[in-house]
Peer 1: 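One structure, as C-alpha cells, below. Some questions next.
We name chains A, B, ... by the order of the sequence lines, and we start the count at 1 in each one.
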Amino acid sequence: MVKRMADITHWADVVADEVLQKGKKHLVATGITPSGHIHIGNMREVVTADVAYRALLDKGAQAEFIYIADTYDPLRKVYPFLDESYAQHVGKPLSEIPCPCGEHKSYSEHFLEPFLVALEHLGIRPRVYRADELYKQGLYTDAIKTALVKKDEIAAILQKVSGKTPAEDWSPYNPVCNVCGKINTTHVTGFDLDAETVDYTCSCGDQGTVSMKGGGKLTWRVDWPARWKALGVTVEPFGKDHASRGGSYDTGRALAKEIFEYEAPFPIVYEWIMLGKEGAMSSSTGVVVSISDMLKVVPPEVLRYLIIRTKPEKHIKFDPAQPLLNLVDEFERIHSMDEPGSYESRLIGLSHAAGICHTDIPFKHMTTIYQAAGGDFDRIMNIVSRSGYNTDNEKCIKELADNVGNWLEMYAPPFAKFSVKGELPVQAASLSDAQRAFLSSFADILAGSGELSGEDYHNMIYSAKDPGSELHIMMANTSGVDPVEMTVEPKDLFKAIYTSVLGQQSGPKAGWFLSSLEKDFLIERFRKAANYRP
RNA sequence: GGGCUCGUAGCUCAGUCAGGCAGAGCGUCUGGCUUUUAACCAGACGGCCUAGGGUUCAAAUCCCUACGAGCUCGCCA
C-alpha cells in the first residue's frame, strides 16, 4: 500500500501508544539546569515532553507533566558571561548564589524566570519544581537513606554498568558545607538514619553535620533514579548525552531497578539542534540563540513547529536568517490549508501555543511592507488595508510587525533588506538619459495630480509605453524625440525608481510601494535624480 | 578505541518501526494573472534512496559489511 502523508502517524502518537501499553497513568518529566541562559536547544527537551504529554492526554491517558529545575546543582565554573567575583561561588548550589543582575532571588532564578515566561508563551504549562525545594522539603530523604545504606551496592552497579570504578571515599551523597557553602568539596564521614543527618569533612577545613533535608544532594547518577521513584516519573525525554551505553540513563535504569525497586521511565532520546553552519548549539562555544530572542522574531507556534515536525532522534538544522522565512512560510501554508490531511492537522494541533492570534498577512510579505513603511505602524496599517488584507485584528498585525522588525534587525540577510534613502543615492549617477526623462516627467505629472492609489501608480508607469499617453509624450518632449519613434521598456523605468529611492536595481512591488511614500518626497527625489550629474 | 544516531532531489526533510509504482516544501525554469518587478496561480525540470553483499515474488524500508557525517563515553547532566 502506498503511504500518503495522511497515513503517517506523528511520532508523539507513536510514543504515546507505546507508553500506553504499560498503563493508563503517566507522569512526563523534564528537567534543565539553570546554570546559564536557556537556549532553543534546551527548548527541544521541554517541547518534546509537552507533545508527548498532549498525545497521552488525547488518547485518554491520565497524564501529568512536570518540569524540575535543577537549582541545587553546583556552579561548575565562572562562565564567560559572569564576572570574576563569581569565582568564590564555584561549587555552591545555584539556588544559594546571588543573582547576577540583583533583581532575582538567586542565581538560578535569574535564568529560570525568563525561561518560565517563555514556556508560558509556548503554551507549555508543566507543574514546576525546584530541586533545592524538593530536597529541603524532604522528598529525597528516603532515597538518601537508601543510598547511604546501600552505598557499596550502588558503587558496584555503577562500576558494572558504566565501567568506571568509583573512588575509595566515594559517596552517593554530597553535603553542603556549613562554612564555605560548597557541595563539591565535602566528604561523607558518617550518618544517622534516625536523626536524618549526615556527617562530613570539607576541604575548607570544616567538619560538621547536615540535615538530609536540604543539607546536601545526591550525586547526579543517583539523584536521577531517586527522583523517578519519589515523583513517579514514567516518561522522560533527555539529550543523547545521557543515552550512550554506560551513560546516566543506563546506570539510572539499573539503580532504579536494583536499589529503588522502580521501573525506569520510558526514554525519549533527542538530538541536538544545530545552528546554521556553526554546529551544535552550546553555551560554552557561544553558538547560542536564546528562546526569548526567538520569540521576538517568530510566533511561538512556529518554534513549536520547528521542533515537533522532526522526530526527536534526528538533529534539527536551524538558521534564523533566510531559512527561517521558509519555516514560517511552511507553517503558514499548512496552517491555512482548506482541507488538511490528518498528519497536517496533527502538526498544527501539536504546534498550538497559547492564545496566539493569526493574520492573513504572510511573514515574508510583511518584511517588505514593514520596510516600505520605514517601520511606522500607522503607515504599515495603511499599506495593509490598501493591499486588501483584513485589518480587524490590529493587535495581531502589530505582533507580526514587531516580529518582522526584530527579524530584520537581528537576523535578516542583506539582500532581504532595503531602506528608503534619506538622501539621493549616488547610484543615481548611472541613470540613462531616457530614465532621467522618465523621472522628471513622472515628477511633473505627480505634481499635478491628487492622491494616487497603488494601482494608479502602477498603471501610470506602464502608460509610458503607450505613445498616446501624457507620460509618454512628456518623456519624448524632454528627450527631444518623436513620440511615435520612442520605445519604452517598463523594466528600465522600475529600475530608475528603485535606484533613485533605494539605491538598488530592484525592490518591492512598485505601485503600492510608491503609494506608501509621501508624494512630495517622490516628486523632489525624482527631480533630483533626473538632474544629478556629478 | 567502545557506543549511539544519521546518510533519500540543488537545499530542508517526509517515507524505514509494520517490505508493495520514489514523495513534499523551498529553490530553479516555463507559462498565467488585460502591463516580468521579492505577491498570487498552474506546469515542468530535478534521484545509482552513500556503497557493496544477503533475505524475499517484491527492499529506500529487514540482515551483514564498508564509507561518510554528527554526537557521546573522566561522579562531569
Peer 1: When rounded to the nearest Å, what value does the distance between P atoms of B:rG68 and B:rA59 take?
Peer 2: 28 Å
Peer 1: Starting at the 5' end of RNA chain B, which residue's closest nucleotide do you reach first, A:Arg221 or A:Ala510?
Peer 2: A:Ala510
Peer 1: Using only heavy-atom distances, decide whether a donor-acceptor pair under 3.5 angstrom links the side-chain of A:Asp223 to the base of B:rA77.
Peer 2: no
Peer 1: Using heavy-atom distances to pick each residue's nearest nucleotide on RNA chain B, tell me which of A:Val14 and A:His458 is more 5'.
Peer 2: A:Val14
Peer 1: Can you identify which nucleotide, out of B:rC75, B:rA38, B:rA77, has its nearest atom closest to the A:Arg227 side chain?
Peer 2: B:rA77
Peer 1: Can you find a side chain N or O atom of A:Lys317 that sits less than 4.0 Å from OP1 or OP2 on B:rU12?
Peer 2: yes
Peer 1: Report the distance from atom CG of A:Leu493 to atom C1' of B:rU36, rounded to the nearest whole Å.
Peer 2: 13 Å
Peer 1: Does A:Thr251 use its side chain to pair, donor to acceptor, with the backbone of A:Leu158 at less than 3.5 Å?
Peer 2: no
Peer 1: Write down the distance separating the C1' atoms in B:rG70 and B:rU50, rounded off to the nearest Å.
Peer 2: 15 Å
Peer 1: From the set B:rA77, B:rA38, B:rU36, return the single nucleotide nearest to any side-chain atom of A:Tyr462.
Peer 2: B:rU36
Peer 1: Applying salt bridge (Lys or Arg N to Asp or Glu O under 4.0 Å), can you list everything that pairs with A:Lys314, at least two apart in sequence or on another chain?
Peer 2: none
Peer 1: Tell me whether the side-chain N/O atoms of A:Lys240 come closer than 4.0 Å to OP1 or OP2 in B:rG3.
Peer 2: no
Peer 1: Which of parallel (below 30°), tilted (30 to 60°) and perpendicular (above 60°) describes A:Phe442 and A:Tyr457?
Peer 2: perpendicular
Peer 1: Separation of A:Trp224 atom CH2 from B:rA77 atom P, in whole Å?
Peer 2: 12 Å
Peer 1: With rounding to whole Å, what would you report as the distance between B:rG46 and B:rU12 at their C1' atoms?
Peer 2: 16 Å
Peer 1: For A:Met274 and B:rC6, give me the distance from atom CE to atom C1', rounded to whole Å.
Peer 2: 11 Å
Peer 1: B:rC75 and B:rG53: how far apart are their C1' atoms, nearest whole angstrom?
Peer 2: 45 Å
Peer 1: For B:rC62 and B:rC26, measure between their C1' atoms and round to the nearest Å.
Peer 2: 33 Å
Peer 1: Nearest to the side chain of A:Thr219, heavy atoms from C-beta on, is which of B:rU12, B:rC75, B:rG70?
Peer 2: B:rC75
Peer 1: Considering only NZ, NE, NH1 and NH2 on the basic side and carboxylate oxygens on the acidic side, decide whether A:Glu109 and A:Arg130 come within less than 4.0 Å.
Peer 2: yes
Peer 1: Side chain of A:Glu330, heavy atoms from C-beta onward: which of B:rU35, B:rG25, B:rA77 has the nearest atom to it?
Peer 2: B:rG25
Peer 1: In whole angstrom, give me the gap between the C1' atoms of B:rG47 and B:rG15.
Peer 2: 15 Å
Peer 1: Taking only side-chain nitrogens and oxygens of A:Lys314, does any of them come within less than 4.0 Å of OP1 or OP2 of B:rC13?
Peer 2: no
Peer 1: How are the rings of A:Trp220 and A:His242 set to each other: parallel, tilted or perpendicular (split at 30° and 60°)?
Peer 2: tilted
Peer 1: Look at the aromatic rings of A:Trp272 and A:Tyr270 and report parallel, tilted or perpendicular, splitting at 30° and 60°.
Peer 2: perpendicular
Peer 1: When the P atoms of B:rA38 and B:rU28 are considered, how many whole Å apart are they?
Peer 2: 12 Å
Peer 1: With distance as the sole criterion, do the side chain of A:Asp70 and the base of B:rA77 form a donor-acceptor contact below 3.5 Å?
Peer 2: yes
Peer 1: Is a side-chain N or O of A:Arg309 found less than 3.5 angstrom from the main chain of A:Arg304, in a donor-acceptor match?
Peer 2: no
Peer 1: Can you tell me which nucleotide in B:rA38, B:rA14, B:rU35 comes closest to the side chain of A:Thr310?
Peer 2: B:rA14
Peer 1: For the ring pair A:Tyr200 and A:His187, is the centre-to-centre distance below 6.0 Å?
Peer 2: no
Peer 1: Out of B:rU35, B:rC75, B:rA77, which nucleotide sits closest to the side chain of A:Thr33?
Peer 2: B:rA77
Peer 1: Mind calculating the distance between CD (A:Glu168) and P (B:rC75) to the nearest angstrom?
Peer 2: 15 Å
Peer 1: To the nearest Å, give me how far apart CD1 (A:Ile273) and P (B:rU5) are.
Peer 2: 20 Å
Peer 1: Have a look at A:Lys495 and say if it touches a base, only the backbone sugar-phosphate, or nothing, with a 4.0 Å heavy-atom cut-off.
Peer 2: nothing
Peer 1: Could you tell me how far apart A:Lys364 (NZ) and B:rA39 (C1') are, to the nearest whole angstrom?
Peer 2: 10 Å
Peer 1: Identify all stems in which RNA chain B takes part, counting only runs of at least 3 consecutive pairs (Watson-Crick or G-U wobble, each distance under 3.5 Å), and give each as one range with another, ordered by first number.
Peer 2: B:1-7 with B:67-73, B:10-13 with B:23-26, B:28-32 with B:40-44, B:50-54 with B:62-66
Peer 1: Touch check for A:Asn459, heavy atoms < 4.0 angstrom, all strands: base, sugar-phosphate only, or nothing?
Peer 2: base
Peer 1: Heavy atoms only, 4.0 Å cut-off, all strands: where does A:Tyr498 land among base, sugar-phosphate and nothing?
Peer 2: base
Peer 1: Any chance the rings of A:Phe111 and A:Phe81 have centres within less than 6.0 Å?
Peer 2: yes
Peer 1: Taking only the P atom of each, what is the distance from B:rG43 to B:rC6 in whole angstrom?
Peer 2: 35 Å
Peer 1: Kindly say whether, by distance alone, the side chain of A:Trp170 makes a donor-acceptor pair under 3.5 Å with the base of B:rC75?
Peer 2: yes
Peer 1: For the side chain of A:Asn42 and the backbone of A:His39, is there at least one donor-acceptor N/O pair under 3.5 Å apart?
Peer 2: yes
Peer 1: Using atom CZ of A:Phe363 as one end and atom P of B:rA38 as the other, report the distance to the nearest whole Å.
Peer 2: 18 Å
Peer 1: Which whole-number value in Å describes the distance from A:Tyr249 OH to B:rC73 C1'?
Peer 2: 18 Å
